[in-house]
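First the structure, in the form of structure tokens, and then the observations on it.
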Amino acid sequence: MQARLDESVRVRILNALASFGRLFDAYESSGFQLYAVGGCVRDWLLARKPKDVDFATDALPGQTREILRSCGMKVIPVGEAFGTCATIIGHRNYEITTFRVKESYTRGSRHPVVCYGHDLSQDLERRDLTINAMAVDRQATLFDPFDGYRDLMDGRLRVPRSSYERSAEIFGDDPLRILRLARFCARLGFSIDPDATRAGRDRGGTVLEVSHERWFAELDGLLSESGAVTGLKWLDEIGVLGLLMPELMLMKQVRCVCTSLSGGAVPGGDLSLFEQAFERVGAIAGKGKLPWSGLFSLLGYGVSMHGEWAGHVTQLLAHGIMGRLKFSNANREHVLRLLSALPPGEPAPKSARLAAMALGQDLGLWLEALASRLVTLPADVRSAEHARLESWRLSLAPYVSDPERANVVLPGGLSARLGDVLGVRGKTLGLCLRQCQEAVLNGELQESDGLGVFVAWAQKHFEACPAGDACPASE
């Protein structure tokens, strides 16, 4: 079960474990085992910095609580009912979990049903992949009963005791592991064991039993990896991508060529919309929420090739997918803004400022999203569209560095004065203020003009209607 490490690797792990000496001492003095396990071991072996360091022990949760208290360490009951406690070391939280023989999820739940054990090997066996089924003790001795280190070196993803039956069992315990496997494929670029692929295809429907919040967490993590397209292709191969986002499947049967960054398309082309979407994702994979916009950006063209309508349908379909995946409101609005098309023609001061006002803090990312769409434009228009995009980028540069600069600033007290002079309130007053903003954008008024100039302009352009509303003045 123990694997031999090169001395340089062993020293690297020893250095990483140095800050946990007090924790190891506490468990050893109480007669219990303690190991660093899972992803942190994998990352140390790959010379990467792990996001988290997790520990496993043969102590039960109540015993862990007493061990931590006895040595003056803080106890944080993050999931004691599921075998996990946490403590604080150097201002960071670290989780300690009792050995488990089995861990499974009931339909739609985010909480596992667990069965505790007393053996490290059994705890490692129930984990999702061999590369995550390794542990080290405080001496940096590697415990690797399922050849996870060799799989790391060979670039292979498989479950412990790899076979079709075992893969199906692992996925059955927690169907989300199918999505996790795709995420590790995207992160590491490793090949997936054929038995795991076959089991994923046969057990793929069970992902529908998983809470949608967990779908989003894994898919969002997958798209944050540089190899996101590889993971997405595997999910499509086993039929899971279509279960989670069936709208994407509409794009498989449609071949068309987008003619500009402003929308519009013509039938034809060598690639389906689905394949073009993957190309766009590949151009921005790993960049926040940008890959989501690439994945969704061609949805509407499966319904309409008219730019305006295609863009509208894209927004509708994307909104539905994000609602199903439980996007937060902020993330959903963020992605929808990134799906906006480039306005037609060359930028003018007004159109540039309007775009900046609509996009706000997302302006810079939107320009990056548009640049990623150039890869799927035909060669005869790509350079012209690239030049047009650069022209817009130049016009928008002041607003990218200072988004608030785009907002029209009206004179203080204008609302009250217009209400008194025109005798309007509520929505009608709001309409008058918007018309004043429009006048600034059109150059009829300047933001530097005083309150009196704005009121005089409004009096000239609006008159009181019989019902008390403000109407456009007759010319």
Side-chain angles (χ1 to χ4, degrees), residues 38-40 42-52 128-129 131-132 152 155-157 176-192 213-237 240-241 244-245 248 251 261 271 273-299 314 318 321-322 325-328 330-340 359 361-377 386 389 393 400:
C40 62
R42 177 198 69 235
D43 289 342
W44 288 332
L45 292 172
L46 291 171
R48 298 185 178 192
K49 183 178 180 179
K51 180 181 178 181
D52 300 298
D128 55 356
L129 298 168
I131 62 170
N132 297 328
L152 271 183
R156 179 172 56 210
L157 297 172
L176 194 73
R177 286 170 169 169
I178 297 173
L179 300 186
R180 278 174 55 82
L181 180 51
R183 178 162 60 86
F184 279 111
C185 176
R187 176 185 298 178
L188 301 173
F190 288 3
S191 63
I192 297 177
E213 293 87 349
R214 296 180 77 210
W215 286 359
F216 170 73
E218 288 299 327
L219 289 171
D220 195 50
L222 187 158
L223 287 168
S224 72
E225 305 293 351
S226 59
V229 172
T230 304
L232 289 173
K233 285 182 176 179
W234 183 75
L235 288 177
D236 180 51
E237 176 189 345
V240 167
L241 190 64
L244 306 184
M245 295 181 280
L248 297 181
M251 300 192 294
L261 295 175
L271 299 178
L273 291 173
F274 187 78
E275 293 167 316
Q276 292 179 59
F278 276 17
E279 283 198 352
R280 292 184 174 189
V281 170
I284 45 178
K287 297 183 178 180
K289 296 295 181 287
L290 275 176
W292 285 105
S293 71
L295 190 62
F296 298 154
S297 60
L298 293 167
L299 279 169
T314 291
I321 294 174
M322 290 188 286
L325 295 180
K326 306 298 183 183
F327 273 62
S328 69
N331 279 336
R332 183 166 58 245
E333 293 306 315
H334 172 57
V335 173
L336 290 175
R337 284 192 290 271
L338 296 181
L339 287 170
S340 303
L359 289 153
Q361 299 288 341
D362 290 326
L363 182 58
L365 288 174
W366 173 70
L367 290 170
E368 194 169 351
L370 289 170
S372 73
R373 298 174 199 171
L374 289 168
V375 300
T376 54
L377 295 184
H386 178 269
L389 177 59
R393 193 188 301 275
V400 173

Does any non-hydrogen side-chain atom of [Y] lie less than 4.5 Å from one of [X]?
X: Gln276; Y: Leu273; result: yes
X: Leu129; Y: Arg42; result: no
X: Leu181; Y: Asp128; result: no
X: Leu248; Y: Asp236; result: no

Euclidean distance, [Y] [atom2] relative to [X] [atom1], rounded to 0.5 Å:
X: Leu298; Y: Arg280; atom1: CG; atom2: CZ; answer: 4.0 Å
X: Leu179; Y: Arg214; atom1: CG; atom2: CZ; answer: 9.0 Å
X: Leu223; Y: Phe216; atom1: CG; atom2: CZ; answer: 9.5 Å
X: Arg332; Y: Ile321; atom1: CZ; atom2: CD1; answer: 12.5 Å
X: Leu235; Y: Leu222; atom1: CG; atom2: CG; answer: 6.5 Å
X: Arg373; Y: Leu339; atom1: CZ; atom2: CG; answer: 6.0 Å

How would you list, by chain and number, every residue that makes a side chain to side chain contact (heavy atoms under 4.5 Å, CB included) with Ser224, sequence neighbours excluded? none
With sequence neighbours excluded, what pairs up with Phe190 under the ring-ring contact (aromatic ring centres under 6.0 Å, His included) test? none
List the atom of [X], the atom of [Y], and the distance in Å for their closest heavy-atom pair.
X: Leu241; Y: Phe278; answer: CD2-CZ, 4.0 Å
X: Ala318; Y: Leu336; answer: CB-CD2, 4.3 Å
X: Leu338; Y: Ser293; answer: CB-CB, 3.8 Å
X: Ile284; Y: Ser372; answer: CG2-CB, 3.5 Å

Evaluate the criterion side chain to side chain contact (heavy atoms under 4.5 Å, CB included) for residue pair Phe296 and Met245; output intermediate values, then yes/no. CA-CA 10 Å; Phe296 298 154; Met245 295 181 280; 4.2 Å; yes
Charged N to carboxylate O below 4.0 Å: is that the case for Asp362 and Arg337? yes
Identify whether the distance between the nearest side-chain nitrogen and carboxylate oxygen of Glu218 and Arg183 falls below 4.0 Å. yes
Between Asp43 and Lys49, is the side chain to side chain contact (heavy atoms under 4.5 Å, CB included) condition met? List the steps. CA-CA 6 Å; Asp43 289 342; Lys49 183 178 180 179; over 6 Å; no
Quick one: does any side-chain atom of Glu279 pair with a main-chain N or O of Thr376 as donor and acceptor, under 3.5 Å? no
Do Trp234 side-chain atoms and Cys185 backbone N/O form a donor-acceptor pair below 3.5 Å? no
Which donor-acceptor pairs under 3.5 Å do the side chains of residues 285-292 make with protein atoms, sequence neighbours left out?
unit_1	atom_1	unit_2	atom_2	d
Lys287	NZ	Glu368	OE2	2.9
Lys289	NZ	Asp220	OD2	3.3
Trp292	NE1	Asp220	OD1	2.8

